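Some notes on the structure that comes next.
Just so we're on the same page: letters track the sequence lines, and every chain starts at 1. Bear in mind that the values here come from a model prediction, so they are computed numbers and not experimental data.
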Amino acid sequence: DQQVKQNSPSLSVQEGRISILNCDYTNSMFDYFLWYKKYPAEGPTFLISISSIKDKNEDGRFTVFLNKSAKHLSLHIVPSQPGDSAVYFCAASENTDKLIFGTGTRLQVFP
Amino acid sequence: EPEVTQTPSHQVTQMGQEVILRCVPISNHLYFYWYRQILGQKVEFLVSFYNNEISEKSEIFDDQFSVERPDGSNFTLKIRSTKLEDSAMYFCASSDTGGIKPQHFGDGTRLSIL
């Protein structure tokens, strides 16, 4: 099941700079997209979401962009902080409660 | 901030034994979910539960699995006869409504089948 793909397994960014995490999907029927952050030994923590009727949603340092024609979404974190170091998952759903997750991108923010 | 809590954090069980994983969802939430993550793989949906019945389940959720809300606060996942391949992190989640609403996850139970 490769409906949601995160092609970059890892990303390293300097503190204060922008982190951009990418996610691609194949199912054009997805109508809701989410980003989760996960620290080791913890569950996924909800960060931000976007419905398919929008192309941008912003919450503080986090902004999610949705490009439906390209079936692509991205998460921008600016400015990046060392505490943002974690694994980031994108997830999507198709008018159901079932979330389909990507494989995750490990973000490391260094001083 | 309200949390989803899961117990135990780690469960070790002999193959063929029954195991029950427990979850206390966020108190005003009405929709409940189980997901699992096998080591090195994606988080996978197992089942969703609303109004005391399963609303959706995946192919993974076969007859060996069952869910129950035995009282007003707990939500359980039972695996009747565990197999080696059931070893995984099991995450419980809840949301206050279904559909376009974020699901909030617990910290998981690591299930190890010997």
Residues in residues 35-47 of chain A near chain B [non-hydrogen atoms, under 4.5 Å]: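 Near chain B, by residue number: A:Tyr36, A:Lys38, A:Ala41, A:Glu42, A:Gly43, A:Pro44, A:Phe46.
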
Residue among A:Ile48, A:Leu99, A:Asp31 with most heavy-atom pairs under 4.5 Å to chain B: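 Ranked by heavy-atom pairs under 4.5 Å with chain B, first place is A:Leu99.
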
Most contacts with chain A, counted as non-hydrogen pairs under 4.5 angstrom, among B:Ala93, B:Gly106, B:Gly40, B:Ser55: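 Sorted descending by pairs with chain A, the first entry is B:Gly106.
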
Just by modelled atom types, is the [Y] backbone N or O under 3.5 Å from a matching donor or acceptor in the [X] side chain?
| X | Y | answer |
| --- | --- | --- |
| B:Gln11 | B:Thr109 | no |
| B:Gln6 | B:Cys92 | yes |
| B:Thr76 | B:Ile20 | no |
| B:Gln37 | B:Gln41 | yes |
| A:Glu15 | A:Pro82 | no |
| A:Arg17 | A:Val109 | no |

Interchain contact, A:Thr103 with chain B, by part (heavy-atom threshold 4.5 Å):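 For A:Thr103, the contact with chain B is made by backbone and side chain together.
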
Contacting moiety of A:Leu34, where chain B heavy atoms sit under 4.5 Å: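 Only the side chain of A:Leu34 comes within 4.5 Å of chain B.
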
Within-4.5 Å side-chain heavy-atom neighbours: B:Phe61 and B:Trp34: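 No. Closest side-chain heavy atoms not under 4.5 Å.
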
B:Tyr50/B:Tyr31 aromatic ring centres below 6.0 Å: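 For B:Tyr50 and B:Tyr31, the ring centres are under 6.0 Å apart.
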
